[in-house]
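Beneath this line is the structure, given in structure tokens, with notes to follow.
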Number of protein chains: 2
Amino acid sequence: MPTLQDVAREAGVSKMTVSNVLNGRRDRVSPATIARVMEVVGRLGYVPNATARSLSARRSNIVALAFPGCDSGGVESLMNPHDSVFLGVVESHVTKAGLYLMAHSVTSVESTADSLRSWNVDGAIFLGTRADEVAALQAAYDAPMVFIDNHGTSPHISNVGIEDRLGGHLAGRRLIEAGHRRIGFVGPRFDEPGVVRERHAGFVQALAEAGLELRPEHVVRCNASFDAAVAVAQQVLAAPQRPTAVFATADIIAAGLLKGFARAGCPVPDEMSIIGFDDLEVARHVTPEITTLHQDIPGKARAAVEVLLAQLAQWPAVRSERRVLGVSLVERGSVGPPPASVR
Amino acid sequence: MPTLQDVAREAGVSKMTVSNVLNGRRDRVSPATIARVMEVVGRLGYVPNATARSLSARRSNIVALAFPGCDSGGVESLMNPHDSVFLGVVESHVTKAGLYLMAHSVTSVESTADSLRSWNVDGAIFLGTRADEVAALQAAYDAPMVFIDNHGTSPHISNVGIEDRLGGHLAGRRLIEAGHRRIGFVGPRFDEPGVVRERHAGFVQALAEAGLELRPEHVVRCNASFDAAVAVAQQVLAAPQRPTAVFATADIIAAGLLKGFARAGCPVPDEMSIIGFDDLEVARHVTPEITTLHQDIPGKARAAVEVLLAQLAQWPAVRSERRVLGVSLVERGSVGPPPASVR
DNA sequence: CTGAAAGCGCTTACAG
DNA sequence: CTGAAAGCGCTTACAG
């Protein structure tokens with residue numbers, strides 16, 4: 001494998017000249033020399049050694065994408081479409097920018113920080129981190145970091161997210177407009193700040209604006225898993241004063257509910273309406289197709305890379321930046337009027 | 001950021017002793033020294049510099065996972081569940097082994113090879129490479145490589161795959177057993193060796209064993225995309241001597257067909273049977289749930305990492321290895337007898 | 001426009 | 001059991 005030295009010797013110049021040519025500092029080299037060097041580079045098939053470059057330049061050209069590791073339930077990471085699509089789009093933009101992507105599931109903040117430091121990673125994008133983890137991460141490693149869907153209040157973190165609260169609000173309003181008065185909520189817990197909490201808040205507000213309240217017995221806990229949602233459909237149906245519509249905080253939950261309701265002989269949208277969130281493919285796979293709040297995942301990924309690259313360029317004089325992408329209601333077939341029996 | 005030197009100075013030993021302690025060559029160091037070094041390492045929060053280590057050790061501890069880049073159609077990579085689940089599982093095993101994962105979409109063999117060389121990657125796993133690409137890759141970079149689902153004939157490549165042909169055979173047999181005599185095939189093109197070609201071959205063989213033939217007008221080309229499959233359902237229905245059942249080479253196609261048939265007023269499984277392949281989540285999302293051939297994607301990912309690690313250990317005296325995982329029929333609701341009208 | 005030298009932070013024979 | 005020295009392949013001031 002040829003080295004810089006080999007190229008320099010063959011071209012009859014110094015290593016530093018070759019380095020200058022390769023790194024775009026071409027204003028410092030005569031055209032003739034550039035041509036000669038490039039010819040040799042091509043002929044020898046020279047490829048710069050990235051580890052050597054990182055070591056001496058104190059810049060690795062590596063961007064890390066950290067995502068939640070397999071949770072306690074043993075569910076492997078990247079099983080969910082949101083994270084995997086996000087990763088794919090981030091990879092393409094990172095590569096396009098001439099950088100490299102290290103994929104890293106975070107099992108502990110410490111080990112993640114160690115990896116970043118060890119590779120002297122230029123910057124990192126974090127999926128699904130809690131507020132306390134964010135602080136620990138920032139304290140442990142000094143590089144641009146952008147967080148995704150973080151709803152922490154700290155002004156010192158960069159974030160790319162969406163209008164979760166508005167989404168919840170639109171979901172609630174849509175159901176109310178359809179004539180529903182008893183509306184349920186199905187989603188994961190939201191003790192901590194996060195997208196679920198925001199979506200819930202917006203939803204509750206929409207109800208309040210219509211003089212409605214979200215009754216405690218109409219909120220059902222459910223992880224973002226199809227099977228969990230199928231199972232939980234029973235609970236919704238068994239609730240006192242059964243709701244005639246539910247807002248599910250994720251399409252995968254909405255899809256599971258759809259199946260659960262169907263099995264229980266409660267057809268959607270005739271007897272029960274459902275509205276989802278995310279607009280993942282699953283929303284169109286099922287029948288009826290799910291009315292949901294669209295979010296632009298590729299757009300989020302693109303924005304995340306943009307923000308990170310901008311900060312890389314400014315580093316270390318970074319100003320944190322928050323980007324919030326819009327959401328929009330997409331009408332499909334899972335929302336209808338309340339059943340006649342209750343109208 | 002403390003360096004090896006700092007630790008050595010603080011512990012009152014040489015750098016090489018610290019290095020020995022950190023790299024597990026502890027038989028060469030006295031227990032007392034080990035303890036002292038470890039204490040300093042902990043106190044200083046020392047983390048080895050991976051780029052320096054890579055450079056001097058000629059071993060990067062990086063494993064690359066290469067997957068197909070966004071195709072000409074502009075479809076982003078990792079949009080498909082198979083690849084993303086595979087990536088997630090590979091990441092977890094690679095990390096568990098103390099290695100790092102570089103995620104890389106391949107747009108050209110050359111640029112991929114350059115990346116591998118540049119980082120001096122220890123080994124790589126390739127998703128979705130064609131036979132000619134395999135050869136080019138192996139020629140361009142000398143390190144253990146394991147390919148996934150490759151059906152090339154070269155004995156010199158390591159591969160982890162599944163019994164695609166058997167799967168196709170089982171699919172055909174299942175449909176025949178249900179009483180079907182006019183059976184269609186829906187899947188991508190298969191001019192080149194690959195999983196689709198194998199599945200098709202097994203399928204055709206099953207038909208032949210039952211004295212049936214796959215009529216050209218009953219094979220419909222369709223990419224592995226839901227929307228494409230929805231559209232293509234018309235073609236299946238419009239075929240002369242319309243088939244009463246179809247084998248789709250991927251669940252996502254099966255799901256699309258399901259919707260397409262339903263829209264056309266041709267209910268599954270009453271008027272039309274469908275059997276899929278992969279056993280992805282989508283097979284259970286839809287109604288009726290799709291009868292399909294199960295493959296163990298996490299198992300494949302685990303096997304791929306195992307094979308790679310074994311070869312890393314033997315390197316450069318590697319023997320190529322082929323692992324083939326089983327498939328199994330999972331009965332659900334999309335296969336029934338032919339409609340009465342044709343019986 | 002070009003180069004000689006130092007140095008990035010490790011590991012690897014080699015000695016003792 | 002421990003260390004001094006060389007070297008991995010680059011980039012970065014600094015000179016000229």
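Residue numbers begin at 1 in each chain, while the letters A, B, ... track the order of the sequences. Note that the structure is a prediction, hence the values are computed from the model and not measured.
At whole-Å resolution of the value, CG in B:Asn49 and P in C:dC8 are 11 Å apart. The nearest whole Å value for the distance from the CG atom in B:Asn23 to the P atom in C:dT12 is 7 Å. Atoms CE (B:Met1) and C1' (C:dC8) sit 15 Å apart, rounded to a whole Å. Between the P atom of D:dG3 and the CZ atom of B:Arg9 lies a distance of 14 Å, rounded to the nearest Å. Taking atom NZ on B:Lys15 and atom P on C:dA13, their separation rounds to 16 Å, with Å as the unit. Rounded to an integer number of Å, the gap from A:Asn120 CG to D:dC10 C1' is 14 Å. Between the P atom of C:dG9 and the CZ atom of A:Arg117 lies a distance of 13 Å, rounded to the nearest Å. When the P atom of C:dC1 is taken as reference, atom CZ of A:Arg36 falls 14 Å away, rounded to whole Å.
A sub-4.0 Å separation between OP1 or OP2 of C:dG9 and a side-chain N or O of A:Arg58 is present. Taking 4.0 angstrom as the limit, A:Ser30 places a side-chain polar atom (N or O) nearer than this to OP1 or OP2 of C:dT2. The side chain of B:Asn20 contributes no N or O atom lying less than 4.0 Å from OP1 or OP2 of D:dT2. Between B:Ser14 and the phosphate of D:dA4, there is no side-chain N or O to OP1/OP2 separation shorter than 4.0 Å. Checking the phosphate oxygens (OP1, OP2) of D:dG3, a side-chain nitrogen or oxygen of B:Thr17 falls inside 4.0 Å. Look at A:Ser19 and you'll find a side-chain N or O under 4.0 angstrom from OP1 or OP2 of D:dT11.
The aromatic rings of B:Phe126 and B:Phe147 sit parallel to each other, their planes meeting at less than 30°, with 60° as the upper class boundary.
Considering every non-hydrogen atom in both B:Val307 and B:Val160, the closest pair reads CG2-CG2, 4.2 Å.
Minimum atom distance to the side chain of A:Met16 is reached by D:dT12, of the listed D:dT12, C:dC8, D:dG3. Picking from C:dT11, D:dG9, D:dG3 the nucleotide with the shortest atom distance to the side chain of B:Ser56 gives C:dT11.
Nearest-nucleotide mapping onto DNA chain D: of B:Gly12 and A:Tyr46, the residue sitting toward the 5' end is B:Gly12. Position along DNA chain C of the nearest nucleotide to B:Arg53 versus A:Thr33 favours A:Thr33 as the more 5'-ward residue.
Under the Watson-Crick or G-U wobble criterion, with both distances below 3.5 Å, C:dG3 is paired with D:dC14.
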Verdict with reasoning, B:Arg43 to B:Glu39, per salt bridge (Lys or Arg N to Asp or Glu O under 4.0 Å): CA-CA 6 Å; B:Arg43 182 151 48 80; B:Glu39 185 274 328; 2.7 Å; yes
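Side chains of B:Asn23 and B:Ser19: a donor-acceptor N/O pair is present below 3.5 angstrom, by distance only. Side-chain atoms of A:Thr51 and A:Ser54 form no donor-acceptor pair, as typed in the model, at a separation below 3.5 Å.
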